[in-house]
Amino acid sequence: MVLQCCLGGTTFQTLKLAAIPSSSSILRPLSKSITLDHLLLPRLPSPHRRSLSLLARALSAAPVIQTTPPTIPDEKIVKPQWKAAIDFKWIRGNKVAVADNINNRKSNANLELVLDPYERLLSVQKEVEQLRAERNVVANKMKGKLEPSERQKLIEEGKNLKEGLVTLEEDLLNLSEELQREAQRIPNMSHPDVPVGGEACSVLVALGSLVSLLKDHYQLGKDLDLIDFDAAAEISGSKFYYLKNEAVLLEMALVNWTMSQVMRRGFTPLTTPELVRSSVVEKCGFQPRGENTQVYSIEGSDQCLIGTAEIPVGGIHMDSILAESLLPLKYVAFSHCFRTEAGAAGTATRGLYRVHQFSKVEMFILCRPEESDSYHEELIGIEEDLFSSLGFHFKTLDMASEDLGAPAYRKFDVEAWMPGLGRYGEISSASNCTDYQNRRLGIRYRPEASSTNPKKGIGNLAPTQFVHTLNATACAVPRMIICLLENYQQEDGSVVIPEPLRPFTGGLEVITPQSRYKK
């Protein structure tokens, strides 16, 4: 995806850079630590879609065990323990396809480190079952009348079996932990239509009309007194900013207009927590304490600042069994987002394109497995409708395998023309994560009784299934502001506000220093 927290006047906790592995190649981690006070504050045209040759198997689920209190030093914190509902049997049976998928995505997962321990685990399980059966035989013999010598012999035999079981069960536990650790690195399977390769292999699906550059948004922000990067750099560091005057109205207008448009399509509005447990971040398929992290992790606790509302919204039904009648669940969430966003040298680091804190509206759907492809199309359609309404010139890309984040089965990016960059820049993406996240989060649904088997009762309940999740950016505010300022600038230095946003800006139509605050 593309791209507040208020504290009083007391002690601030220190933040360690801890990453949302973004699906976009533009994201990079910071190399330094900051403190929490610094942060205060295409349409899917597949008429000839191939039938899926592989099932997307999610590799992850379950409850979080509370960690030690945040006052304990970070290195002594007990990490939350949870297990993903990984289908190891399926992985073994489809190892060639899984290996190809890992290679196509250039993932750092090692399939052999999953298959070898799994074979050993199966072998140890058989030994455990055999010893347990032998112990049961001994226990049954002990129930009868026995000579003292024979009883003593059985006691010794039972003791030896028990000791052997303890050793084997310890081996079983260690193998299980090793399997979880390595298997959770394996990415979701990819949709068969996903192009194989890097970003250059992504396929153009739709192209939304170009503007010549007069000034970039950075200069416009200064000239019109809309954005103050210098003051924010003094207060918080680089890649922070103050929005001022009409830019504040623009942010609020973008958020409120976007929320209203998406809600009309049946989405439930949410605001979310912006601090979440690191285990929830992990269960959504990200690595909050990985080497190349994009996440700010709070030192001395198991909490992180969110990089996207996808994380707290994804966790809202964690460890739940949903009634089928409730599906689909559609949410549109507003939140502030925090990312380390080191970026790279060049013009793309200038201004609002890469920042550490920003506002975003996110769409999120939980649905039945057979419906996720159609809802993916719906999300892309909503994105394109929003950007078309604002008059953006954009293109929609079916992203290649190497540009997919671990949870994504398929992802479409929307890139809008940014005159200041002289190219298209990513403004949103939409991902179908199938059941990858919910095998970790433990979100299932129980299919209702069919007309062919209408009997009810515990003995006739259908087995639960994992729901599918999808997420899509409706509005990443900083990049939307870039597009608005640069594409709607006039030769006299003013900026026209797109008509759909005007009811949300108090009727303001044009931004000029002279007309400030005048209706």
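Note that the coordinates shown come from a computational prediction; the quantities given were computed from them, not determined experimentally. In this chain, numbering begins with 1 at the start of the sequence shown.
When atom types are taken as modelled, the side chain of Ser278 and the backbone of Asp302 share a donor-acceptor pair closer than 3.5 angstrom. Looking only at distances, no side-chain donor or acceptor of Glu274 sits under 3.5 Å from a matching main-chain atom of Ser335. In terms of modelled atom types and a separation under 3.5 Å, the side chain of Thr308 and the main chain of Glu310 share a donor-acceptor contact. The main-chain N or O of Asn108 is never found under 3.5 Å from a side-chain atom of Arg185 such that the two would form a donor-acceptor pair. Tyr241 places a side-chain N or O within 3.5 Å of a backbone atom of Gln357 that can act as its donor or acceptor partner. A donor-acceptor pair is defined here as one N or O able to donate and one able to accept, closer than 3.5 Å; such a pair exists between the side chain of Asn438 and the backbone of Val467. At distances below 3.5 Å, not a single donor-acceptor pair connects side-chain atoms of Glu384 with backbone N or O atoms of Gly381. Side chain of Ser260 to backbone of Trp257: a donor-acceptor contact under 3.5 angstrom is found. No donor-acceptor pair under 3.5 Å is formed between the side chain of Asn103 and the backbone N or O of Ala99. Between the side chain of Ser401 and the backbone N or O of Asn104, at least one donor-acceptor pair lies under 3.5 Å.
A heavy-atom distance below 4.5 Å is not found between the side chains of Asp216 and Leu421. Looking at heavy atoms from C-beta onward, His191 lies out of side-chain contact with Asn432 at the 4.5 angstrom threshold. Proximity of Asp403 to Lys411: side-chain heavy atoms (C-beta onward) are separated by under 4.5 Å at one or more points. Counting only heavy atoms from C-beta outward, the side chains of Phe358 and Arg339 approach each other to under 4.5 Å. Taking 4.5 Å as the limit, some side-chain heavy atom of Leu275 sits within range of a side-chain heavy atom of Ile298. Considering only heavy atoms from C-beta on, Arg105 comes within 4.5 Å of Asn101 through its side chain. Between Val361 and Val255, some side-chain heavy-atom pair lies under the 4.5 Å cut-off. Side-chain contact check for Leu111 versus Glu182: every heavy-atom pair is 4.5 Å or farther apart.
Distance check: Leu441 CG to Asp435 CG gives 11.5 Å after rounding to the nearest 0.5 Å. We find the OG-CE distance between Ser428 and Met363 to be 7.5 Å, quoted to the nearest 0.5 Å. The distance from the OH atom of Tyr331 to the CD1 atom of Ile365 is 11.5 Å, given to the nearest 0.5 Å. Summarising the geometry, atom CG belonging to Asn471 is positioned 9.0 Å from atom SG belonging to Cys284; distances are rounded to the nearest 0.5 Å. Note that the SG atom of Cys475 and the CD atom of Gln261 stand 12.0 Å from one another [nearest 0.5 Å]. Taking CG of Asp413 as the reference point, atom CG of Asp398 lies at 10.0 Å (rounded to 0.5 Å).
Surrounding CD of Glu499 are at most 12 heavy atoms belonging to other residues, nucleotides or ligands under 6.0 Å away.
In this structure, His217 and Ile227 approach most closely via the heavy-atom pair O-CD1, 4.3 Å. Residues Val295 and Cys304 approach most closely at CG1-CB, 3.5 Å, considering heavy atoms. The minimum heavy-atom distance linking Gly420 with Glu486 is given by the pair N-OE1, 2.8 Å. In this structure, Tyr375 and Pro328 approach most closely via the heavy-atom pair OH-CG, 3.0 Å. Contact between Leu249 and Thr505 at its shortest, heavy atoms only, is O-CG2, 4.0 Å. Among all heavy-atom pairs drawn from Leu501 and Leu390, the shortest one is CG-CD2, 3.9 Å.
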| request: Step by step, work out the side chain to side chain contact (heavy atoms under 4.5 Å, CB included) result for Phe334 and Thr258. | output: CA-CA 10 Å; Phe334 168 76; Thr258 302; over 6 Å; no

| query | Between His393 and Tyr424, is a side chain to side chain contact (heavy atoms under 4.5 Å, CB included) present by the stated rule, with each step listed? | reply | CA-CA 9 Å; His393 180 74; Tyr424 291 89; 2.6 Å; yes

| said: Go through it in stages, so that I can follow the logic: the residues are Leu220 and Gln489, the test is side chain to side chain contact (heavy atoms under 4.5 Å, CB included), and I'd like the CA-CA distance, side-chain angles, deciding distance and then a yes or no. | reply: CA-CA 8 Å; Leu220 284 166; Gln489 61 181 304; 4.0 Å; yes

| request: Given side chain to side chain contact (heavy atoms under 4.5 Å, CB included), test Ile102 with Ile186 step by step and report yes or no. | output: CA-CA 7 Å; Ile102 290 171; Ile186 298 179; 4.3 Å; yes

| task | Show your working on ring pair (Phe, Tyr, Trp, His ring centres under 6.0 Å) between His468 and Tyr409 and close with a plain yes or no. | result | CA-CA 11 Å; His468 280 198; Tyr409 172 61; 7.9 Å; no

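Shown here are the side-chain contact (heavy atoms from CB on, under 4.5 Å) partners of Pro407, two or more places apart in sequence or in another chain: Cys433, Tyr436, Gln437. Judged as a side chain to side chain donor-acceptor pair (under 3.5 Å), and not counting sequence neighbours, the contacts of Arg265 are Asp385. When the side-chain contact (heavy atoms from CB on, under 4.5 Å) test is applied to Ser320, the partners found at least two apart in sequence or on another chain are His317, Leu322.
Between the side chains of Asn188 and Thr434, at least one donor-acceptor pair of N or O atoms lies under 3.5 Å. Arg410 and Ser190 share no side-chain donor-acceptor pair at under 3.5 Å. Judged purely by distance below 3.5 Å, without hydrogens or angles, the side chains of Glu251 and Ser359 pair a donor atom with an acceptor atom.
Residues Asp228 and Lys222 are not paired through a salt bridge, judged by the lack of any N-O separation under 4.0 Å between the basic side chain and the carboxylate. Using a cutoff of 4.0 Å between basic side-chain nitrogens and carboxylate oxygens, Lys330 and Glu378 are scored as salt-bridged. Checked for salt-bridge contact, Glu402 and Lys106 meet the test: a charged N lies under 4.0 Å from a carboxylate O.
Note on ring orientation: taking the six-membered ring where Trp is involved, the planes of His356 and Tyr296 are perpendicular (angle over 60°, cut-offs 30° and 60°).
Note: Phe229 and Tyr242 fail the aromatic proximity criterion, with ring centroids not under 6.0 Å apart. Taking the six-membered ring for Trp and the full ring otherwise, His376 and Phe412 have centroids separated by under 6.0 Å.
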